[in-house]
Engineer: 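I am attaching a structure below and will ask some questions about it afterwards.
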Amino acid sequence: MKKPLAAVGNQSGRRKQASSQEGKKKCAFSSSQSKLSAPSAGLARQQKALLQASVSPYHLFRDVAEVTAFQESLLGWYDRKKRDLPWRRLVEGEVDLDRRAYAVWVSEVMLQQTQVATVINYYTRWMQKWPTLQDLASASLEEVNQLWAGLGYYSRGRWLQEGAQKVVEELGGHMPRTAETLQRFLPGVGRYTAGAIASIAFGQAAGVVDGNVIRVLCRVRAIGAEPSSSLVSQHLWNLAQQLVDPARPGDFNQAAMELGAIVCTPQRPLCSHCPVQSLCRARQRVEREQLSASQSLPGSGDVEECAPNTGQCPLCAPPTEPWDQTLGVTNFPRKASRKPPREECSAICVLEQPKALGGARILLVQRPNSGLLAGLWEFPSVNVNAEASGQHQREALLQELQSWVGSLPDTRLQHLGQVVHTFSHIKMTYQVYGLALEEHTPVTIVPPGARWLTREDFRTAAVSTAMKKGSKRSQVATLSKRKKPSPGQQVLESFFRPQVPTDAPSLNSAAQ
């Protein structure tokens with residue numbers, strides 16, 4: 001991708017082309033950001049100097065020649081091997097900088113914690129529906145949640161919409177032009193996303209560090225310490241900034257991420273296809289260990305290779321974690337210790353009106369506007385103790401149902417099974433109940449925050465994957481328990497059978 005022309009010249013020249021009012025807004029914004037950033041920039045330089053003084057050259061790039069060799073090898077490989085992705089095509093063909101930045105922003109937010117294959121269809125549909133910032137700013141949160149349903153981490157969609165509204169209302173529709181101002185101004189945009197937007201859309205030489213880049217840099221410079229530690233994280237950012245090619249910063253950052261995604265993978269990396277193999281200290285370490293093993297010589301430890309001035313190197317693996325010959329380069333990076341998700345339990349009910357006018361309908365209620373799955377629609381539910389009896393769950397759930405639709409019979413509230421769904425930090429067990437109002441007068445009026453939906457409505461509603469997964473799995477549980485389901489259960493099962501659109505992500509690929 002060529003560096004955008006506007007990124008080469010003075011950005012103030014472009015601002016003058018806007019209206020006087022917009023220009024004042026943006027100038028004031030840039031000025032305030034400059035004032036805020038001066039002390040933090042000085043502190044960052046001091047921290048960087050202190051860090052470099054304590055780091056062995058073994059974990060650094062020796063000179064400009066080595067950096068240049070890395071840049072040229074990586075970019076040459078990227079030009080030959082990069083994947084054809086919709087956001088890359090869109091950005092490459094877009095000359096308007098604000099639309100370029102918006103296209104990059106949407107793709108980067110969607111790709112957080114989500115696989116590329118999953119994102120492609122969502123991104124295409126999003127950009128078709130809201131091709132500009134102004135289009136997204138005028139959309140409702142309900143529309144955003146509806147399109148986002150199934151992609152997971154739902155606050156991302158809300159932040160995109162809030163950010164678009166902020167840019168349109170406060171900056172006249174013009175995106176901030178630097179990584180620093182992007183991070184300060186846009187909700188939900190951190191250092192990585194800001195750097196990606198600034199480098200790809202505006203040509204700013206801003207390094208980026210995501211999971212793929214962490215893996216590449218830890219292997220290339222043999223960094224065995226915990227990547228999430230503040231010292232190692234700062235060193236990785238320093239390396240990324242040192243390496244980014246000022247002539248093609250956006251392409252370089254995408255190349256580094258691409259390398260980690262398709263070659264320098266977590267398991268079974270394709271080292272023979274790596275364009276920077278000759279510069280990779282992890283690969284050099286593997287070759288030395290193999291040579292030592294073949295000659296029956298003792299292996300060489302990181303300390304000998306790194307040779308710090310004093311004590312244990314803060315970037316090497318601790319002595320308690322020796323080199324594992326079977327892992328090869330995947331000894332790097334060090335595997336982070338993960339805190340197990342907390343366990344919670346919820347009882348949910350699929351309340352159905354099989355004889356409703358226009359076809360069978362089910363009740364959905366809207367979650368609060370903050371917290372887990374904020375603003376999405378779900379089956380009526382109550383949080384329960386995992387050890388609570390079935391009778392206690394029924395009583396609590398029936399009380400919740402009656403708060404939405406009035407008096408209901410508790411005798412036909414049947415347990416259909418349980419579903420376990422893991423969110424990023426919560427392992428949720430859903431106890432799924434069903435109740436079919438086959439002999440009742442159809443309920444047509446419900447309070448705000450509740451809806452009766454048809455099957456087609458349910459398929460396209462802003463419903464989380466957990467709810468769709470729960471309904472599908474509960475059918476399997478029901479069928480396994482009974483050879484001949486009751487008429488109400490048969491309707492319930494047929495209601496949900498075609499629930500997931502063909503372009504929805506698999507339950508294993510999209511983090512929730």
Side-chain angles (χ1 to χ4, degrees), residues 140-152 154 157-158 346-384 393 396-408 412-414 416-419 421 423 428 430-438 440 442-475 478 488-489 491-501 504 507 512:
S140 68
L141 181 58
E142 174 72 11
E143 291 177 299
V144 171
N145 284 338
Q146 186 173 338
L147 194 149
W148 201 276
L151 193 56
Y154 294 90
R158 185 176 71 253
S346 178
I348 65 174
C349 180
V350 183
L351 182 63
E352 179 212 8
Q353 293 190 82
K355 298 180 181 179
L357 185 64
R361 294 176 182 268
I362 54 166
L363 181 69
L364 290 187
V365 299
Q366 192 169 30
R367 291 185 61 84
N369 289 326
S370 61
L372 183 68
L373 306 177
L376 296 185
W377 294 83
E378 66 175 5
F379 301 122
S381 66
V382 289
N383 291 330
V384 296
Q393 293 179 9
L397 191 53
L398 187 63
Q399 185 176 358
E400 173 69 13
L401 291 171
Q402 290 174 339
S403 70
W404 293 106
V405 298
S407 178
L408 291 171
R412 284 179 289 177
L413 189 62
Q414 299 187 19
L416 302 178
Q418 74 174 30
V419 174
H421 187 88
F423 297 86
M428 181 72 78
Y430 291 99
Q431 299 295 343
V432 185
Y433 290 82
L435 178 58
L437 304 180
E438 298 182 70
H440 275 62
V443 181
T444 57
I445 300 176
V446 290
R451 291 178 180 176
W452 287 102
L453 298 183
T454 64
R455 176 171 58 190
E456 290 303 316
D457 291 337
F458 177 79
R459 289 177 59 185
T460 59
V463 178
S464 73
T465 298
M467 289 296 104
K468 293 182 178 180
K469 176 182 177 181
S471 63
K472 186 174 183 179
R473 296 292 174 85
S474 68
Q475 295 168 51
T478 302
Q489 290 162 343
V491 173
L492 198 62
E493 290 154 8
S494 64
F495 193 95
F496 289 110
R497 193 164 291 122
Q499 67 190 341
V500 182
L507 298 176
Q512 295 297 302

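Just so you know, these numbers use all the heavy atoms, side chains as well, and skip hydrogens, waters and symmetry mates.
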Engineer: Roughly how far, to the nearest 0.5 Å, is CD of Gln414 from SG of Cys349?
Structural biologist: 10.5 Å
Engineer: Quick one: pull up CG in Asn383 and CD in Glu400 and give me the separation to the nearest 0.5 Å.
Structural biologist: 10.0 Å
Engineer: Taking side chain as C-beta onward, heavy atoms only, is Trp452 less than 4.5 Å from Leu351?
Structural biologist: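 The answer is yes; the side chains approach within 4.5 Å.
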Engineer: I would like to know whether Tyr433 and Leu416 meet side chain to side chain contact (heavy atoms under 4.5 Å, CB included); could you show each step before the answer?
Structural biologist: CA-CA 5 Å; Tyr433 290 82; Leu416 302 178; 5.9 Å; no
Engineer: Could you state the interatomic distance from CD (Gln402) to CG (Leu397), rounded to the nearest 0.5 Å?
Structural biologist: 10.0 Å
Engineer: Does a side-chain heavy-atom distance below 4.5 Å link Phe379 with Val432?
Structural biologist: no
Engineer: Would you kindly say whether Glu142 and Trp377 are connected by a side-chain donor-acceptor distance under 3.5 Å?
Structural biologist: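 Their side chains do contain a donor-acceptor pair, which is all the 3.5 Å distance test asks for.
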Engineer: Which pair of heavy atoms, one from Ala396 and one from Val382, lies closest together, and at what distance?
Structural biologist: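 For Ala396 and Val382, the tightest heavy-atom pair comes out as O-CG1, 3.8 Å.
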Engineer: Apply side chain to side chain contact (heavy atoms under 4.5 Å, CB included) to Tyr430 and Ser346, showing your working.
Structural biologist: CA-CA 5 Å; Tyr430 291 99; Ser346 178; 4.1 Å; yes
Engineer: Quick one: CG on Leu435 to CD on Gln353, what's the gap to the nearest 0.5 Å?
Structural biologist: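 Going from CG on Leu435 over to CD on Gln353, the span is 10.5 Å.
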Engineer: Kindly give the heavy-atom pair with the smallest separation between Pro380 and Leu401, and that separation in Å.
Structural biologist: CB-CD2, 3.6 Å
Engineer: When rounded to the nearest 0.5 angstrom, what is the spacing between CG in Asn145 and CG in Leu376?
Structural biologist: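 Reported to 0.5 Å precision, the distance equals 5.0 Å.
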Engineer: For the atom pair CD (Glu352) and CG (Leu453), what is the distance rounded to the nearest 0.5 Å?
Structural biologist: 13.0 Å
Engineer: Going by the rule side-chain hydrogen bond (donor to acceptor under 3.5 Å, both in side chains), which residues pair with Gln366 if we only count those two or more places apart in sequence or in a different chain?
Structural biologist: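 Scan of Gln366 (side-chain hydrogen bond (donor to acceptor under 3.5 Å, both in side chains), adjacent residues dropped) gives none.
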Engineer: Using the rule given for side chain to side chain contact (heavy atoms under 4.5 Å, CB included), can you reason through Arg158 versus Leu141, listing the C-alpha separation, both sets of side-chain angles and the distance that settles it, and then say yes or no?
Structural biologist: CA-CA 7 Å; Arg158 185 176 71 253; Leu141 181 58; 3.9 Å; yes
Engineer: Quick check: closest heavy atoms across Ala450 and Leu363, and the distance to 0.1 Å?
Structural biologist: CB-CD1, 4.1 Å
Engineer: With sequence neighbours left out, write down each residue that passes side-chain hydrogen bond (donor to acceptor under 3.5 Å, both in side chains) with Arg367, or none if nothing qualifies.
Structural biologist: Glu378
